[in-house]
Structure formats: structure tokens, C-alpha cells
Participant: 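Handing you a structure now.
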Amino acid sequence: MDDEPLSDWAKRRDAKIGRLRAVPLVSGDGPKGSHLNPEAPRAIQRWNGYTWEPHGTAANLAETQRLLHPRDEETPTVAAPQPHPLRAGRGRHRKPRPGE
């Protein structure tokens, strides 16, 4: 059996601290899969390194996705280069002209 160094295990465990998960708040034996009951409310839990602790609630699956996976709203800093149109009469496999 390969034993892993304790420091590697501790780094892997500490990387999970702060991770969020959603737990559906469905009573009884009803379906618990998010795709089966997308309108069910969910409890948001956060991993503190030892146990899952309450973090908040979400009204439905769409709100849960926004909380768990926020989108980056950054605008690109470099504009994309404009494509150069092909010149007429040269076809798809045109030869580049001098200076191109």
C-alpha cells in the first residue's frame, strides 16, 4: 500500500475549506434530484474543514446555481483582431501577396 505524506493530505483537505453545496429541502420520500424538482427550495451549506455548516438558503434551482457558480463579469482588456476579408477573384486557397 502506498502511503501518502501527511502534508499532501492536509493540502488536499484544506483546499476544500469554504466549498459550498446545495441540499434540497424536500420532505418525505419525494424526489431529491435537482433536475426532478427544480422549484424546491434549497439550503446552502459551507464546508469548514470538519463538517457542513449552514450558509444560507435559495428559493429554487436557478438561484442556487447563481450562488454556487457566480459568473465572472469582467470585460476583456484586449479587443479581438478584426478578420481580413478575402480579396475578390482569388478563391479559398489564395496566395498571399507581398507585404501580407
Side-chain angles (χ1 to χ4, degrees):
M1 179 174 151
D2 277 341
D3 285 337
E4 163 182 43
L6 185 60
S7 61
D8 291 348
W9 174 82
K11 286 179 192 175
R12 202 174 66 246
R13 185 199 62 189
D14 291 344
K16 296 177 183 179
I17 292 176
R19 182 174 291 170
L20 298 176
R21 76 173 182 180
V23 180
L25 298 175
V26 179
S27 61
D29 294 332
K32 300 206 184 326
S34 63
H35 65 287
L36 298 174
N37 200 354
E39 295 304 317
R42 281 144 172 85
I44 308 297
Q45 297 177 334
R46 183 169 100 36
W47 182 250
N48 68 6
Y50 301 101
T51 187
W52 291 99
E53 59 186 19
H55 184 70
T57 59
N60 55 30
L61 180 60
E63 186 178 336
T64 302
Q65 294 298 332
R66 284 193 296 272
L67 290 172
L68 295 181
H69 309 289
R71 292 185 179 170
D72 294 330
E73 298 296 330
E74 297 179 20
T75 57
T77 57
V78 178
Q82 295 296 323
H84 297 287
L86 295 177
R87 293 195 173 97
R90 300 292 293 225
R92 179 176 171 198
H93 301 286
R94 68 181 183 90
K95 294 179 183 175
R97 294 183 180 172
E100 288 187 337

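Just so you know, these numbers come straight off a predicted model, no measurement behind them. Any value given below was found using the heavy atoms of this structure, including those in side chains, with hydrogens, waters and symmetry copies removed.
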Participant: Within the structure provided, determine whether Val23 and Arg42 are in side-chain contact (heavy-atom separation under 4.5 Å).
Facilitator: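 Answer no - side chains too far apart.
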
Participant: Step by step, would you call Gln45 with His55 a side chain to side chain contact (heavy atoms under 4.5 Å, CB included)?
Facilitator: CA-CA 5 Å; Gln45 297 177 334; His55 184 70; 5.7 Å; no

Participant: So how far is it from Leu20 CG to Arg46 CZ, rounded to the nearest 0.5 Å?
Facilitator: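 If I round to the nearest 0.5 Å, the distance is 8.0 Å.
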
Participant: Looking at Ala22 and Leu68, what are the two nearest heavy atoms and their distance?
Facilitator: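 Closest heavy-atom pair between Ala22 and Leu68: CB-CD1, 3.9 Å.
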
Participant: Side-chain donor-acceptor pairs under 3.5 Å in residues 58-67, sequence neighbours left out?
Facilitator:
{"unit_1": "Asn60", "atom_1": "OD1", "unit_2": "Ala62", "atom_2": "N", "d": "3.3"}
{"unit_1": "Asn60", "atom_1": "OD1", "unit_2": "Glu63", "atom_2": "N", "d": "3.0"}
{"unit_1": "Glu63", "atom_1": "OE1", "unit_2": "Ala59", "atom_2": "N", "d": "3.3"}
{"unit_1": "Thr64", "atom_1": "OG1", "unit_2": "Asn60", "atom_2": "O", "d": "2.8"}

Participant: Any non-hydrogen side-chain atom of Trp52 less than 4.5 Å from a side-chain atom of Arg21?
Facilitator: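 They are in contact (side-chain heavy atoms under 4.5 Å apart), so the answer is yes.
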
Participant: Going by atom type alone, with no hydrogens or angles, which donor-acceptor pairs under 3.5 Å involve a side-chain atom of residues 6-18 and a protein atom two or more places apart or on another chain?
Facilitator:
{"unit_1": "Arg12", "atom_1": "NH1", "unit_2": "Glu4", "atom_2": "OE1", "d": "3.2"}
{"unit_1": "Arg12", "atom_1": "NH1", "unit_2": "Glu4", "atom_2": "OE2", "d": "2.4"}

Participant: Please identify each residue that fulfils salt bridge (charged side-chain N to carboxylate O under 4.0 Å, His left out) with Glu39, with sequence neighbours left out.
Facilitator: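 Glu39: no salt bridge (charged side-chain N to carboxylate O under 4.0 Å, His left out) contacts found.
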
